[in-house]
**Student:** 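Structure provided below as structure tokens; questions to follow.
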Amino acid sequence: MSEPTELTEPAEVSGASPLADRAAELDAADPLAPLRDRFVLDDGVYLDGNSLGALPAGVPDRVADVVRRQWGELRIRSWGESGWWTAPERTGDRIAPLVGAAPGRIVVGDSTSVNVFKALVAAVRMAREDGGASRDEILVDAATFPTDGYIAHSAARLTGCTVRPVAPHEAPAALSARTAAVLLNHVDYRTGRLHDLPSLTATVHAAGAYAVWDLCHSAGALPVGLDEHGVALAVGCTYKFLNGGPGSPAFLYVRGDLQERFDSPLPGWNSHAEPFGMRPDYEPAKGAVRGRVGTPDILSLLALEAALDVWEGVSVEAVRAKSLALTDFFLECVAAHVPAGRVTSLTPAAHAERGSQVALRCADAGEVMRRLIERGVVGDFRPPDVLRFGFTPLYVGFADAERAARVLAEVLEEF
Ligand SMILES: Cc1ncc(COP(=O)(O)O)c(C=O)c1O
Ligand SMILES: Nc1ccccc1C(=O)C[C@H](N)C(=O)O
């Protein structure tokens, strides 16, 4: 984990209004600023898109059509006529360019937790095929969002492996001839630290193990380059920076050359080569379909598909550039507005190590966040002492960043 950075006032002391003026200039020059109109928002500052993305404006009518016409009128015919049956792969292909995957490598369905399970067990099975039963250890990001750790322990018990928690940057030193799989987060959910996916992936694979990446906090926030960097398996949620809605289904990526070898621990009928053959024997389908389990959650899936329309004409590279500018500017505003020593940033200053959020360590963080929310600045609190501010460049602007820092300073004066 990064050393907390003490935020100190910059040499040139800036008042609220020069920063507000700068924010206005930055917003005026921002090519992504008009995208905010593609979302349903209010006058508040929404900095919690790293937990639940805002509602894209086109979703309500699409969902209403899915419910009233596709379900209400077409009923069973919609599996074919409305494209319900193929929606998991079709939606996967819409996510693919955002994470650097070719078409046909991503399937959408189930929760992230379930996909972590499928990916980890499949990774261990492949490592055993390559290297034998001596591959009996799973390395897991020690700071992971807890669900990944819980699932990894169960996957380990089922496969006869043990779990070893490691800090991601220490994973290379922990690799051995016993390592079967390495489960890492691309961006740490608490600190916002971005881990070095290209180099860690290469090192893990060179050791004969398989890298499984959790992209929950990077998909839709920054370029991932899954194909380019040879990632074996990856999972991610779609309700954060992809704005798919509460409980929208997660995605699973399997590298092209591994698809034939992907041996799912949950081989439900939807992943069968001939699902309507109703055969007693299991024959896995080819391609991304093999990652499916049971009947897709059509309402959530089609809400997500509609939500992905906001990416029309938008590149994830442009989103990344704005995200870094926004988080830089927010940190600058915090340093200017908040008295020195009241908060420390857990988020690395280096762009190469920063995701799309800023995490500030702060005394009484729970109560501070409650008051921020009361004043219209919505971030979240993560125990024990972290204020999290997520920046979704599609709908957050520079004036939002300045206002959030100013309101934070006002709230802190009350303590
Ligand atoms: C890194 C990470 N993994 C997994 C999850 C959650 O998984 P699920 O979609 O199963 O709730 C989250 C957040 O909810 C997360 O931040
Ligand atoms: N899925 C949720 C449902 C309810 C409340 C929060 C979540 C989150 O996603 C939390 C998020 N993973 C986090 O990084 O804290």
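Source: prediction; values computed, not measured. As the structure lists them, so they are numbered: ligands from 1, and atoms in each ligand from 1.
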**Student:** Backbone N or O of Ala54 within a donor-acceptor pair of the Tyr395 side chain at under 3.5 Å?
**Tutor:**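 Yes; judged by distance alone, with no hydrogens or angles, the pair exists.
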
**Student:** With heavy-atom distances below 4.5 Å as the criterion, would you say the side chains of Leu360 and Val358 are in contact?
**Tutor:** yes

**Student:** At their closest point, which heavy atom of Ala250 faces which heavy atom of Thr112, and how far apart are they?
**Tutor:** CB-N, 3.3 Å

**Student:** Please find out if less than 6.0 Å separates the ring center of Phe276 from that of Trp79.
**Tutor:**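 Between Trp79 and Phe276, which both carry aromatic rings, the centre distance is not below 6.0 Å.
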
**Student:** Distance under 4.0 Å, heavy atoms only, partner ligand 2: which residues pass?
**Tutor:**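 Residues within 4.0 Å of ligand 2: Ser51, Phe145, Tyr189, His217, Tyr239, Lys240, Arg382, Arg388.
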
**Student:** Tell me if the OH atom of Tyr150 is crowded by more than 12 foreign heavy atoms within 6.0 Å.
**Tutor:** no

**Student:** Regarding His351 and Asp328, do their side chains bring together a donor and an acceptor under 3.5 Å, going by distance alone?
**Tutor:** yes

**Student:** Once you restrict both partners to nitrogen or oxygen, which atoms of ligand 1 have a protein partner under 3.5 Å, and how far apart are they?
**Tutor:**
from	atom 1	to	atom 2	distance (Å)
ligand 1	3 (N)	Asp148	OD1	3.3
ligand 1	3 (N)	Asp214	OD2	2.7
ligand 1	9 (O)	Thr112	N	3.2
ligand 1	9 (O)	Thr112	OG1	2.7
ligand 1	9 (O)	Tyr239	OH	2.9
ligand 1	10 (O)	Thr112	N	3.3
ligand 1	10 (O)	Ser113	N	2.8
ligand 1	10 (O)	Ser113	OG	2.5
ligand 1	11 (O)	Tyr239	OH	3.4
ligand 1	14 (O)	Tyr239	OH	3.1
ligand 1	16 (O)	His217	NE2	2.8

**Student:** Under 30°, 30 to 60°, or over 60°: which ring-plane class applies to His272 and Tyr282, parallel, tilted or perpendicular?
**Tutor:**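 Rings of His272 and Tyr282: perpendicular, as their planes differ by over 60°.
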
**Student:** What heavy-atom pair brings Gln357 and Asn50 nearest, and what distance separates the two atoms?
**Tutor:** OE1-ND2, 2.9 Å

**Student:** Tell me whether the rings of Phe145 and Tyr189 are parallel (<30°), tilted (30 to 60°) or perpendicular (>60°).
**Tutor:** perpendicular

